[in-house]
Amino acid sequence: MILNDRQALEILTWYHCAGVDEAVSDYSTDFFAKNEASTATAKAAKATPPVKAPLGHKPGAPARAPQASSVLEAGETANDARSLAQSAKTLDDLKAALERFDGCGLKATATNLVFGDGAADARIMFIGKAPGSDEDIQGLPFVGRSGQLLDKMLAAIGLNRQNAYIANVIPWRPPGNRTPTTHETAVCRPFIDRQIELVCPEVIVFLGGVSAKEMLGTATGIKRLRGKWTKFKGKDADYPALPTLHPAFLLRQPAQKRLAWNDLRMIRQFLDGKK
Ligand code: URA
């Protein structure tokens, strides 16, 4: 059905009154449709992925033809992202490269790039999932309610933003704080990998299941991963890594802070050379 301007405005106003104030995906999903119909919709969406400006695309130049599947497109964009990320020699270069990068749709809906915060030569790096709305507004990771709790957790073991480094797997806020899609994660991954290489910490702490599962390449849940030392395999080096509970989860379930405290003590012992 083609809507005229007045009808489109009425529908948008209706959505807005119902509390819908952002688009959470590139495609619309009919959650009432039966399986067959929704599969057909999903297939159609895959067959015609949105054309994204390829790297180095000049305004006015013809866009690259859409690929046959969005999976192929993600792979290609991730390769572009990898070359761009690897060419960065410093954290400032990497931040500038991300600012130029148009391969992730989240950039279009975000207010700011949320790159990282803390000491570039930190011994320890904390990696969360993705920025929320406070982070999106300020352009800094973990500055909202969960960030305030993270600051207290760091302080409890003698750490702060002058001696630790904080970043996220995804540097732009997913609308409505939804979990990033596999496509978004795949295209952003080379940047966080490079950020780790450039900070080159002695130890990495993954905050929450999304970060731990993506970075460690596992399907195991955070409750089983947390509190156990593991290795993050970088391109040229392995890094000791400890997954722990996400501060946002601890705000929802304060009784679990006891487990997080155990993990924090393990981190302190590691930094004190007692692991
Ligand atoms: N949650 C995250 O995972 N990262 C942030 O920066 C803020 C909240």
Side-chain angles (χ1 to χ4, degrees), residues 22 24 91 94-95 98-99 104-107 109-120 122 124-156 159-182 184-189 191-196 198-199 201 203-218 220-223 225-226 232 241-254 256-257 259-260 263-264 267:
E22 26 190 5
V24 295
L91 287 172
L94 188 64
K95 185 175 182 193
L98 263 170
E99 269 156 359
C104 178
L106 293 174
K107 184 179 183 179
T109 49
T111 312
N112 280 303
L113 168 70
V114 178
F115 180 67
D117 192 19
I124 183 161
M125 181 163 178
F126 290 82
I127 302 181
K129 174 178 80 167
S133 71
D134 294 303
E135 290 76 20
D136 180 51
I137 291 165
Q138 295 190 40
L140 288 169
F142 283 99
V143 289
R145 276 188 72 224
S146 51
Q148 286 158 19
L149 178 56
L150 178 62
D151 285 341
K152 287 185 189 151
M153 291 162 69
L154 299 189
L159 296 174
N160 53 45
R161 292 176 191 238
Q162 279 74 54
N163 59 17
Y165 189 87
I166 305 172
N168 282 303
V169 175
I170 305 282
W172 292 283
R173 181 193 181 205
N177 297 339
R178 64 166 168 74
T179 299
T181 64
T182 45
E184 289 156 357
T185 308
V187 296
C188 292
R189 178 68 195 256
F191 294 98
I192 184 65
D193 283 345
R194 185 68 182 144
Q195 208 165 353
I196 293 172
L198 291 169
V199 175
V203 57
I204 301 175
V205 180
F206 296 117
L207 297 167
V210 173
S211 161
K213 289 200 270 187
E214 165 59 26
M215 299 307 288
L216 296 171
T218 176
T220 306
I222 188 66
K223 293 205 178 137
L225 291 173
R226 65 143 286 277
F232 169 72
L242 190 74
T244 190
L245 301 171
H246 194 288
F249 171 77
L250 297 173
L251 286 171
R252 290 193 301 274
Q253 301 214 15
Q256 307 294 324
K257 285 184 184 169
L259 298 176
D263 303 348
L264 289 169
I267 295 166

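Order of listing sets the numbers, starting from 1, for every ligand and every atom in it. All values derive from a computational prediction rather than experimental measurement.
- Shown here are the side-chain hydrogen bond (donor to acceptor under 3.5 Å, both in side chains) partners of S133, two or more places apart in sequence or in another chain: there are none.
- T244 is linked by a side-chain hydrogen bond (donor to acceptor under 3.5 Å, both in side chains) to D263, counting only residues two or more places apart in sequence or in another chain.
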Self-check item: M215/I192 under side chain to side chain contact (heavy atoms under 4.5 Å, CB included): CA gap, chis, key distance, verdict
Solution: CA-CA 9 Å; M215 299 307 288; I192 184 65; 3.8 Å; yes

Quiz prompt | Derivation and outcome, side chain to side chain contact (heavy atoms under 4.5 Å, CB included), residues R226 and Q256 | solution = CA-CA 12 Å; R226 65 143 286 277; Q256 307 294 324; over 6 Å; no

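- Within 4.0 Å of ligand 1, protein heavy atoms come from G128, K129, A130, P131, E135, P141, F142, S146, N168, H246.
- Ring-plane geometry between F142 and H246 is classed as tilted, the angle between the planes lying from 30 to 60 degrees on a 0 to 90 degree scale.
- Applying the salt bridge (Lys or Arg N to Asp or Glu O under 4.0 Å) rule to pairs touching residues 139-155 yields D151-R161, sequence neighbours excluded.
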